[in-house]
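Written out below as structure tokens is the structure these notes cover.
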Amino acid sequence: MGKNIDADYIQKARHSMAHVLAKAVCQLFDNVKLGFGPPIDNGFYYDFDMPHTIKEEDFAAIEAKMAEIIKNDEEFMYKQIDNPEAFFASEPYKLELISELKAGGEEISAYENGGFVDLCAGPHVESTKELRNWGFAVASIAGAYWRGDSNRPMLQRVYVHAFPDRKELKKYQQFLEEAKKRDHRLLGNQQDLFFFDETAPGMPYWLPKGAKLYNTLLNFSRRVHEARGYQEIVGPQLNHRSLWETSGHWEHYHENMFTVDLDNDQHYALKPMNCPNAMITFGRKNRSYRDLPLRFYETSYLHRKEASGALHGLLRVQTFRQDDAHNFIAQNQISSEINEILDITNYLYGVFGLTSRAVLSTRPLEGYLGEIAEWDAAEDALKAVLNDRYEGKFEINEGDGAFYGPKIDILVQDVLGREWQLCTIQLDFQLAGKFGLEYTDSDGKRKTPVVIHRALFGSMERFIGVIIEHFAAKFPFWLSPIQIGIVPVHDAHVGYCEKIKKALEDEGFRVSLDTSEGTMGNKIKGFRHEMLPYIVIVGDAEMEQGNISIRVRNGTQCNNIPLDGFVSACKNMDKNHHLDLIDSDF
RNA sequence: GCUGGUAUAGCUCAGUAGGUAGAGCGCUCCCUUGGUAAGGGAGAGGCUCCCGAGUUCGAAUCUCGGUACCAGCACCA
């Protein structure tokens, strides 16, 4: 090819291929109106508006037509259009863009390949010839609002996977297969962790093993926060609407709240967030500057009514718990407190082997509350902290903060390189004031505290969904719902197995002994299917020597090792949250 | 909420121009008493084929409405 395949070239080629797709679709179907066709990470898409509804059956024909166009060696040529409104008269979406471009004083440019002209700023590859070795496949079809606006028409979006050669496409498709196997909904069902019922959409039922996982994680979070000076509180599930009016939720968040209307015309709502009750709790007493930072940790159940199409396994639910806290601080404690919170976050994510990056969202241009000077000071403080911690490598989303204060979001990458937003740390200059909260400063004056809303795992449900996929349900020892399975070679060994089980349980481990009928091979199969970290196997040889043999989840076999050596290894993994299983030197 | 799709045994799925449903795995029982991911044989499971209404002599199969789920969009922890 002789072309330099760098990221820019790939973008250019994908975008060129989007034109090929558009041409193919225009040739195959009648009355096609064109929207946008940009390149994306795994290829490109193009939005169409047309009477024919594209179905999966159409994919092959589209691919064949695209291949034909590519084979034709069509040159991409810049095309001067003197009267774009006339030229694109039958393309309403393009006309909209043209008028906007003109209003912005920008040039109207178009590209042509093989007689097909599309409004486009370019650049493109020289000819479809360059796309000959590319691997591409129509991936899916979906509805997408014109310009992402739910009030505007919905177009048909065709997604195409496209890579510089067929091998890479294949590799990407295999990656998708792998991701599919790790889908937490699939694994959650296979591993008996959780399920959903039609009568409670978006509200998971936790099965015994899932509940074990959930509680292990929650208790870990509790211990970490307690050690860092957080105090756990538990507020009510249901509050009278007057509370939500004070906090502003009744006005701004009503659509997302499950409300309860009583016969006596009193109205309540299930809490969608913990903050208002934390405010009430702070206000219960006179507070001194000596009490700050005051950190209330809370993991209550939250309920949020979501658009039906938004629900997605554990990653988007309607009832969930957070490792939530509200930190009340003085103005001059912002830096130190944010630093402290980022410390905890890094520690927590490190335990799971998750890497992360930070995004700072700053003051919105409109609709923000408070003084600009206060915002600027806070943003400078946050930038300084992030600069220090991430060596300048963090993103800034200008104007994307909440109306009440700037925020830091942490995005986490899992082993497959996919990114999830879990953690959010939000400064709030407004809420304490709404509740009339004050503390007495060292100079005797009454001051309003700054509040930090922060959830580090985010929602426990979403976090569990992410780590199920991250670990492919092969959890580290400390987190495994069942840590050790025991298999007797035959019935005569059951008594010895029971002794081992008791010894392990006395040390606090979660153990399962299979005394059912059936071959040991089947029992081992069952435990392996459950992804248990260790399977202890004992028969005559082990009984004689008072030892055990272990089958480690990674396939390693350790024969005739002392029980106490195994126990201390397990204790070590539990205490230090080892990511890997110890498989030697017991 | 929007666009398109799916809804049949515990799981994965097949099926019939509309005439009271099948496979594999799992499960149960019997035989096998075993040394590390499926030993052999037999059998049970759906009788509302997601729910409701309609068409029809007859609907799980057709039509309409609803619900849930799936792929996206929008929204979001």
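Lettering of chains follows the sequences in order, A, B, ..., and the numbering in each one begins at 1. Only a predicted model underlies this, so the values are computations on that prediction, with no experimental measurement involved.
- Using P as the reference atom, B:C73 and B:C11 are 29 Å apart when rounded to the nearest Å.
- A distance of about 45 Å separates the C1' atoms of B:A21 and B:A77, rounded to the whole Å.
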Exercise for review: Step by step, work out the side chain to side chain contact (heavy atoms under 4.5 Å, CB included) result for A:Trp420 and A:Phe463.
Suggested key: CA-CA 9 Å; A:Trp420 308 89; A:Phe463 189 76; over 6 Å; no
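- Glycosidic conformation, B:G45: syn, with the torsion inside 90° of 0.
- Regarding contacts with the backbone of B:G4, every side-chain N or O of A:Lys55 stays at 4.0 angstrom or more from both OP1 and OP2.
- Salt bridge A:Arg316/A:Glu461: absent, no basic N to carboxylate O contact under 4.0 Å.
- Nearest-nucleotide assignment on RNA chain B puts the 5′-proximal partner with A:Asn189, out of A:Asn189 and A:Ala541.
- Residue contacts for A:Glu542: at a heavy-atom cut-off of 4.0 Å it reaches a base atom on one of the strands shown.
- When the nucleotides B:G35, B:C69, B:G4 are ranked by their closest atom to the side chain of A:Pro201, B:C69 comes out on top.
- Aromatic pair A:Phe194/A:Tyr205: centroids not less than 6.0 angstrom apart.
- Atom CZ in A:Phe195 sits about 14 Å away from atom P in B:C69, given to the nearest Å.
- Counting to the nearest Å, the P atom of B:C11 and the NE2 atom of A:His529 are 13 Å from each other.
- In this structure, A:Tyr205 atom OH and B:A68 atom C1' are separated by 13 Å, rounded to whole Å.
- B:U61 and B:U3: their C1' atoms are spaced 27 Å apart (whole Å).
- Nucleotides B:C62 and B:G5, compared at atom P, are 14 Å apart to the nearest Å.
- Residue A:Asp491 is classed as a base contact, given a heavy-atom separation below 4.0 Å to a base.
- Distance alone, capped at 3.5 Å, is enough to place a donor-acceptor pair between the A:Gln483 side chain and the A:Phe477 backbone.
- Here the separation of B:G1 from B:C47, taken at their P atoms, is 30 Å to the nearest Å.
- With B:A68, B:C70, B:U33 as the choices, the nucleotide that has an atom nearest any side-chain atom of A:Arg185 turns out to be B:C70.
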Exercise for review: Could you go through the ring-ring contact (aromatic ring centres under 6.0 Å, His included) check for A:His453 and A:Tyr404 one step at a time?
Suggested key: CA-CA 11 Å; A:His453 310 254; A:Tyr404 49 73; 5.7 Å; yes
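- A:Arg510 places a side-chain N or O within donor-acceptor distance of the main-chain N or O of A:Pro481, the cut-off being under 3.5 Å.
- Regarding A:Leu176, its CG atom lies at a distance of 12 Å from the P atom of B:A71, rounded to whole Å.
- In this structure a side-chain-to-backbone donor-acceptor pair under 3.5 Å is missing from A:Asp409 to A:Thr424.
- For the pair A:Glu56 CD and B:U6 C1', the computed distance is 12 Å after rounding to whole Å.
- Atom C1' of B:A9 sits at a distance of 11 Å from the matching atom of B:A23, rounded to the whole Å.
- In RNA chain B, runs of at least 3 consecutive Watson-Crick or G-U pairs, each pair with both distances below 3.5 Å, span B:1-7 with B:67-73, B:10-13 with B:22-25, B:27-31 with B:39-43, B:50-54 with B:62-66.
- The aromatic ring centroids of A:Phe136 and A:His161 lie 6.0 Å or more from each other.
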Point to revise | Per-nucleotide protein contact string for nucleotides 72-77 of chain B, where B marks a base within reach and S marks sugar-phosphate only (heavy atoms under 4.0 Å, - for neither) | key: BBBBBB
Practice item. Evaluate side chain to side chain contact (heavy atoms under 4.5 Å, CB included) for A:Arg152 paired with A:Glu96, printing each intermediate quantity in order. Key: CA-CA 13 Å; A:Arg152 312 209 52 186; A:Glu96 183 179 322; 2.8 Å; yes
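- Using a 4.0 Å heavy-atom criterion, one finds that A:Asp323 contacts no nucleic acid atom at all.
- Here B:G4 presents its P atom at 12 Å from NE2 of A:His52, a figure rounded to the nearest Å.
- When the C1' atom is compared between B:G24 and B:A14, the two are found 11 Å apart, to the nearest whole Å.
- Salt-bridge formation is not detected for the pair A:Arg295/A:Glu340: no Lys NZ or Arg NE/NH1/NH2 atom is positioned less than 4.0 Å from an Asp or Glu carboxylate oxygen.
- Taking every side-chain heavy atom of A:Ile537 into account, B:U36 is the closest of B:G39, B:A71, B:U36.
- Within 4.0 Å (heavy atoms only), A:Thr53 reaches sugar-phosphate atoms of the nucleic acid but no base atom.
- Atom CZ of A:Phe59 and atom P of B:G5 are 12 Å apart (whole Å).
- For the pair A:Val489 and A:Phe196, both in contact range of RNA chain B, the more 5′-proximal nearest nucleotide belongs to A:Val489.
- For the C1' atom pair drawn from B:G18 and B:A60, the interatomic distance equals 10 Å after rounding to whole Å.
- Below the 3.5 angstrom threshold, one finds no donor paired with an acceptor across the side chain of A:Gln156 and the base of B:U3.
- A:Ile410 approaches A:Tyr390 most closely through the heavy-atom pair CD1-OH, 3.7 Å.
- In this structure, the CD atom of A:Gln557 is 13 Å from the C1' atom of B:A37, given to the nearest Å.
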